[in-house]
Number of protein chains: 2
Amino acid sequence: MSPRIPAENKRLKEERKEEILQAAAKVLAYKGYAATKIADIAAAAKVSHGLVYHYFKSKEEIYLALADRIGQAAAALRLSLAQPGAPREKVRMMLERMLAAVRDYPEHYVLAVQMMTTEGVAPAALEKVFTGGREGQEAMAQVIAAGQAAGVFRPGDPRQHFYLLYAAINGLAIVQAFSRRSGQMMADVSAETIMRLIEP
Amino acid sequence: MSPRIPAENKRLKEERKEEILQAAAKVLAYKGYAATKIADIAAAAKVSHGLVYHYFKSKEEIYLALADRIGQAAAALRLSLAQPGAPREKVRMMLERMLAAVRDYPEHYVLAVQMMTTEGVAPAALEKVFTGGREGQEAMAQVIAAGQAAGVFRPGDPRQHFYLLYAAINGLAIVQAFSRRSGQMMADVSAETIMRLIEP
DNA sequence: GTCTATATTTCGATAGAC
DNA sequence: GTCTATCGAAATATAGAC
């Protein structure tokens with residue numbers, strides 16, 4: 001008989017959970033919370049729908065787990081602002097990373113947009129997504145303010161500048177997700193282009 | 001006894017239908033298709049849910065009617081491109097109108113975004129929204145190309161320029177809708193600001 | 001034209017076999 | 001750990017009273 005290897009078992013369990021979660025991200029992003037059946041997630045992850053309930057207590061728990069993950073990713077992005085450098089360069093780096101995330105994990109942005117526009121489903125989810133986001137907002141506003149002092153950004157409320165950049169990134173995520181489905185691809189956009197929105 | 005006035009009756013019927021449709025737009029935009037119950041729409045329109053079925057065959061029919069309306073509104077926007085004027089001025093006017101629409105009918109943009117990112121629900125809905133949109137796309141691309149020839153816009157595929165502008169507008173619609181709910185308002189953005197994305 | 005009551009379906013969640 | 005079978009709630013859509 002093969003001996004029990006708890007560590008190995010645990011790893012396998014984590015992997016299964018991870019597989020289900022990644023499958024759920026795609027299905028939830030492109031079908032929406034309410035329209036997504038547990039059966040859809042199970043099918044995408046190639047397991048039975050009973051097994052999904054073995055790993056997650058409910059559909060909502062899956063959604064919240066994803067919100068958590070997105071919030072953490074947003075918080076991680078912020079780190080690029082802490083690195084030394086001129087304000088313009090910091091903002092450029094930040095935008096570059098966000099654009100890379102849009103390219104590599106479009107589902108995350110689509111989910112975030114969904115959470116922003118959908119009421120009821122995501123009261124707690126939003127909180128998770130934006131605890132990472134709020135601090136990033138603050139940090140970004142400070143860097144923008146520094147850039148304004150140096151004359152590299154236009155005058156005005158730095159937080160409004162941030163909203164503008166954020167809106168542009170989210171808009172790109174949507175249009176890009178859509179353009180993939182509809183055939184005609186949208187070309188990648190550079191951080192420099194986005195930054196024009198707040199330059200003198 | 002009051003005589004039958006068919007014209008009057010027809011008008012009332014149209015009004016009821018219109019009321020239900022407008023109520024549906026708001027509920028659907030902020031709850032999403034699947035999460036919206038007929039009862040929600042009925043409550044928003046202050047009628048019984050049975051009456052909703054009297055005017056519309058199904059939830060899907062309501063959704064398609066809204067898609068149709070949004071598509072027509074998009075087509076109407078295009079008219080500003082047909083007016084005489086320099087390319088830059090035409091694009092500015094177009095953006096101005098789109099921004100006004102975002103301000104006045106945010107539900108429409110939120111719905112359009114939903115239709116763009118949601119699969120399954122809206123195969124036919126998308127078609128309706130974008131038959132108006134496609135032609136507008138073409139017209140816009142031509143004006144942008146003329147502007148490039150005149151040196152007022154950056155070189156590059158004019159259609160990609162259009163996508164970029166379109167993405168920015170949609171992103172604004174989302175962030176603005178969200179900022180309303182979350183308290184901190186996002187300030188209005190000018191057409192000139194958006195246009196910087198494609199200027200030299 | 002408008003409402004209330006109900007039939008039908010669908011889906012989230014659980015129980016239990018393997 | 002994984003699956004199949006099933007319960008029960010909820011929501012779409014319909015029927016019929018007023």
Side-chain angles (χ1 to χ4, degrees), chain A residues 1-24 27-28 30-66 118-122 124-125, chain B residues 1-24 27-28 30-66 118-122 124-125:
Chain A
M1 289 290 111
S2 60
R4 286 206 220 117
I5 311 177
E8 176 76 357
N9 284 342
K10 191 180 175 188
R11 195 181 58 81
L12 282 170
K13 184 171 173 177
E14 289 298 318
E15 277 180 13
R16 265 274 176 283
K17 196 165 179 174
E18 183 59 29
E19 280 170 27
I20 294 174
L21 211 49
Q22 282 186 18
V27 180
L28 282 167
Y30 299 113
K31 287 181 88 90
Y33 179 80
T36 300
K37 304 166 223 167
I38 293 290
D40 295 330
I41 295 174
K46 287 172 190 158
V47 297
S48 72
H49 83 267
L51 194 64
V52 174
Y53 281 101
H54 183 74
Y55 286 101
F56 297 94
K57 216 186 71 211
S58 65
K59 189 162 80 164
E60 188 170 353
E61 191 179 293
I62 298 176
Y63 203 64
L64 292 177
L66 285 171
T118 305
E119 60 191 8
V121 193
Chain B
M1 290 291 110
S2 60
R4 286 206 220 116
I5 310 177
E8 177 75 356
N9 284 343
K10 191 180 177 189
R11 196 181 58 80
L12 282 171
K13 184 170 175 176
E14 289 299 316
E15 278 181 13
R16 265 275 175 283
K17 197 164 179 175
E18 182 59 29
E19 280 170 28
I20 293 172
L21 211 50
Q22 282 186 17
V27 180
L28 282 166
Y30 299 114
K31 287 180 87 90
Y33 179 81
T36 299
K37 305 164 223 167
I38 293 289
D40 295 331
I41 295 173
K46 287 171 190 159
V47 297
S48 72
H49 83 268
L51 195 64
V52 174
Y53 280 102
H54 183 73
Y55 286 102
F56 297 94
K57 216 184 71 213
S58 65
K59 189 162 79 162
E60 187 169 355
E61 192 181 292
I62 298 176
Y63 203 64
L64 292 178
L66 284 172
T118 305
E119 60 191 6
V121 193

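Below, chains carry the letters A, B, ... as their sequence lines are ordered, and counting in each starts from 1.
- Ranking C:dG12, D:dT4, D:dA13 by closeness to the A:Tyr53 side chain, first place goes to C:dG12.
- At the heavy-atom level, A:Phe56 lies nowhere under 4.0 Å from the strands shown.
- With rounding to whole Å, B:Ile20 atom CD1 is found 11 Å from C:dG1 atom C1'.
- Taking CD1 of A:Ile38 as the reference point, atom OH of A:Tyr53 lies at 4.0 Å (rounded to 0.5 Å).
- Going from atom CG of A:Asp40 over to atom P of C:dA13 covers 14 Å, rounded to whole Å.
- Look at CD on A:Glu15: it is 12 Å from P on D:dG1, rounded to the nearest Å.
- In this structure, the NZ atom of A:Lys37 is 8 Å from the P atom of C:dG12, given to the nearest Å.
- Here the CG-NZ distance, from A:Leu51 to A:Lys17, works out to 12.0 Å after rounding to the nearest 0.5 Å.
- Between C:dT14, C:dG12, D:dG1, one nucleotide has an atom nearer to the side chain of A:His49 than all others, and that is C:dT14.
- Listed nucleotides: D:dC3, C:dT2, C:dT14. Nearest to the side chain of A:Leu51: D:dC3.
- A:Leu64 has its side chain out of reach of A:Glu61: every pair of non-hydrogen atoms, C-beta onward, lies at least 4.5 Å apart.
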Show your working on side-chain contact (heavy atoms from CB on, under 4.5 Å) between A:Ile20 and A:Phe56 and close with a plain yes or no. CA-CA 9 Å; A:Ile20 294 174; A:Phe56 297 94; 3.8 Å; yes

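- When the nucleotides C:dG1, C:dA13, C:dA5 are ranked by their closest atom to the side chain of B:Tyr55, C:dG1 comes out on top.
- Across the protein-nucleic acid pair, A:Lys59 atom NZ and C:dT14 atom P stand 14 Å apart, rounded to whole Å.
- The distance between atom NE2 of A:His54 and atom P of D:dT2, rounded to the nearest whole Å, is 7 Å.
- Taking atom OH of residue B:Tyr33 and atom C1' of nucleotide C:dT10, one finds them 14 Å apart after rounding to whole Å.
- Where B:Arg16 and A:Ser58 each meet DNA chain C at their nearest nucleotide, the meeting point lying more 5' is that of B:Arg16.
- Checked for salt-bridge contact, A:Arg16 and A:Glu19 meet the test: a charged N lies under 4.0 Å from a carboxylate O.
- Between B:Ile38 atom CD1 and C:dA5 atom P there is a gap of 19 Å when expressed in whole angstrom units.
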